[in-house]
Amino acid sequence: MSDQEKRMDKIVSLAKRRGFVFPGSEIYGGLRGTWDYGPLGALLKKNFKDEWWKEMVQLRDDVVGIDAAIMMNPKAWEASGHVEAFTDPLVECKVCHQRFRADKPDEIKEHEGTHKGKKVEWTDPQKFNLLVRAYLGVLEGKESEIFLRGEITNGVHVNFKNIVDSTRIKIPFGVAQIGKAFRNEITPGNFIFRSREFEQAELQFYVKPEEEEGRKWFEYWKQNRMDWFLKIGFNESHLRFRDHEPDERAHYARFATDIEYNAPWGWDEMMGIHHRGDWDLKRHQEYSGVDMSYNDPQTGEKFIPWDIETSSGVDRPILFLLLDAYTEDGERIYLKLNPRLAPYKAAVFPLLANKPELVELAKKIRDDLKKNFMIAWDDRGNIGKRYYAQDEIGTPYCITIDFQTLEDGTVTVRDRDFAKQIRKPIEELAAYISEAVRGS
Ligand code: GAP
């Protein structure tokens, strides 16, 4: 097993043990391709999404956010092309009848290896549609079939006119959205990398339908996304761009580039930037009969805009952030997460659990800090063990209330990355944590 593969195993076990990610429906034997985020995972994911939203919506003048329904009129999926073309090539192993994706040669080869020496034959590839079906309605046998969204994108496109009419935004502008998507993946795997239920964080950026304009914004968003991943703490050498070949592009894309991560199983997709042209708006116009064109208030021109999309998963960056953050330093294991993403910003400890004056003051400090930050509490065992437990979940600061605190009002603040302590007055703690979180 390579070091990278061992690292993945350690992350999967840490995620379960410490409450980041649990297998979905575990007590019933699980449900393949589903995962539940535990108390720490839910915080990490929320922090990631908050950072994304801040960067994409809050700090920009040219982007608004929406939160569209997961269930849509099925016609929307015909219009988007997903009913016809959202497929993967499926092949079946004739020895054991397990199904795989024909376009994943490594997975096919690995499977052949499990039949030791036997000649493995495969069925011809068939198109397998990834949309997950559901049934709505109160009369048995009369329910209508709908699809759970296979990408979050079309909830934005169908609202294009509503957004233009209800805001003062003008082209070029973007619409950001975060939410769940569902795919009937043939081979879910690699922990939360490929699941059947997952989350996406997307931007649809509408521009004038001109080649130069489209190219300019495509290049802009490519670089913008790479820079952001580096800003939130990715190791630069673990990321790269990869342009899609014409035969691997999704049905809606004029051209596409992935940002890939050097995963334990090799370079693989973390997110995609797609030039969707006028595919979506034009098709929704055609299928709904509603005019989806934009009237430019400055020039008086009327056109169907082009869409430059940045489409990230949430789960894949979470997995890769954990892999990048995992650090072993002799006996010490710590998650070197960006403090902005770390589930807890600080942990508060009374030096001794059986000294009421220490416990009382520590609780007061914790309760004050809690008003602004997620704060952990630990009064078990010795301080060394408490540091270990916080290091393992990436808490940037540990604050200990000791006997000196009772005398001079200072506490020790221990830094996760340097394992060093300094003393700080209690009244400076909030500003100190705030500065560290803001500055990172
Ligand atoms: N709207 C465009 C779109 O959905 P995509 O390349 O199919 O494009 C975008 O998906 C991102 O969504 C991927 O880069 C990945 O991060 C995430 N994603 C896609 N399928 C996934 C799955 N089965 N499990 C986890 N994440 C997935």
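Numbering starts at 1 and runs along the sequence shown. FYI, side chains are in, hydrogens and waters are out, and symmetry mates aren't considered; it's all heavy atoms of this structure. Just so you know, these numbers come straight off a predicted model, no measurement behind them. Order of appearance sets the numbers: ligands from 1, and atoms from 1 within every ligand.
Residue-ligand proximity, Thr153 to ligand 1, at heavy-atom distances under 4.0 Å covers atoms 1 (N). Taking every non-hydrogen atom of Met271 and a distance limit under 4.0 Å, the qualifying atoms of ligand 1 come out as 14 (O). Ligand-side atoms of ligand 1 in range of Glu309: 1 (N), 2 (C), range being under 4.0 angstrom from any heavy atom. If you number the atoms of ligand 1 from 1 as listed, the ones under 4.0 Å from a heavy atom of Glu151 come out as 1 (N), 2 (C), 3 (C), 4 (O). Proximity to Glu202 (heavy-atom distance under 4.0 Å) selects the following atoms of ligand 1: 1 (N), 2 (C), 3 (C), 4 (O). The atoms of ligand 1 that sit less than 4.0 Å from any heavy atom of Met270 are 14 (O), 15 (C), 16 (O). Ligand 1 places these atoms under 4.0 Å from at least one heavy atom of Arg276: 1 (N), 2 (C). For ligand 1, the atoms sitting less than 4.0 Å from at least one non-hydrogen atom of Glu185 are 20 (N), 22 (C), 23 (N), numbered in the order shown with element in parentheses.
Checking side-chain atoms of Arg416 against main-chain N and O of Leu335 turns up a donor-acceptor pair under 3.5 Å.
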Please determine whether salt bridge (charged side-chain N to carboxylate O under 4.0 Å, His left out) holds for the pair Arg7 and Glu328, giving the CA-CA distance in whole Å, both sets of side-chain angles, and the decisive distance to 0.1 Å. CA-CA 10 Å; Arg7 203 180 176 77; Glu328 286 176 350; over 6 Å; no

For the pair Glu212 and Lys216, evaluate salt bridge (charged side-chain N to carboxylate O under 4.0 Å, His left out) and give the outcome as yes or no after the intermediate values. CA-CA 6 Å; Glu212 206 177 308; Lys216 181 182 91 187; over 6 Å; no

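Taking atom 9 (C) of ligand 1 as the reference point, the nearest protein heavy-atom neighbour is Ser311 OG, 3.0 Å. If you check which protein heavy atom lies closest to atom 18 (N) of ligand 1, you get Phe198 CE1, 3.5 Å. Looking only at protein heavy atoms, the nearest one to atom 25 (C) of ligand 1 is Phe193 O, 3.1 Å. Protein heavy atom in closest approach to atom 24 (N) of ligand 1: Ser195 N, 3.0 Å. Looking only at heavy atoms of the protein, atom 6 (O) of ligand 1 is closest to Glu269 OE2, 3.0 Å. Given atom 17 (C) of ligand 1, the protein heavy atom at minimum distance is Gly313 CA, 3.7 Å. For atom 10 (O) of ligand 1, the closest non-hydrogen atom on the protein side is Gln200 NE2, 3.4 Å. Ranking protein heavy atoms by distance to atom 5 (P) of ligand 1, first place goes to Arg183 NH2, 3.9 Å.
Look at Glu199 and you'll find every heavy atom at least 4.0 Å from all atoms of ligand 1.
The residues Asp88 and Arg99 are annotated as not salt-bridged, no charged nitrogen and carboxylate oxygen being separated by less than 4.0 angstrom. Taking a cutoff of 4.0 Å between a charged side-chain nitrogen and a carboxylate oxygen, Glu260 and Arg242 qualify as a salt bridge. Between Lys302 and Asp291 there is a salt bridge, with a side-chain nitrogen of the basic residue lying less than 4.0 Å from a carboxylate oxygen of the acidic one.
Using modelled atom types and a 3.5 Å distance limit, the side chains of Thr395 and Gln390 yield a donor-acceptor pair. Checked by atom type, the side-chain pair Trp122/Glu112 shows a donor-acceptor distance below 3.5 Å.
The structure places CG of Leu90 at 9.0 Å from OG1 of Thr187, a figure rounded to the nearest 0.5 Å.
Neither the backbone nor the side chain of Asp315 comes within contact range of ligand 1; no heavy atom lies under 4.0 Å. Residue contacts with ligand 1 for Arg149 are absent, since no atom lies close enough (heavy atoms, distance under 4.0 Å). Proximity of Tyr261 to ligand 1, defined as any heavy-atom pair under 4.0 Å, is not found for any part of the residue.
Listed here is the closest heavy atom pair of Pro305 and Pro209: CA-CD, 4.5 Å.
Checking Phe320, Phe241, Phe229, Trp267 one by one against Tyr261, the ring pair (Phe, Tyr, Trp, His ring centres under 6.0 Å) holds for a single residue, Phe320.
Residues Ile232 and Arg340 fail the side-chain proximity criterion, which asks for heavy atoms closer than 4.5 Å.
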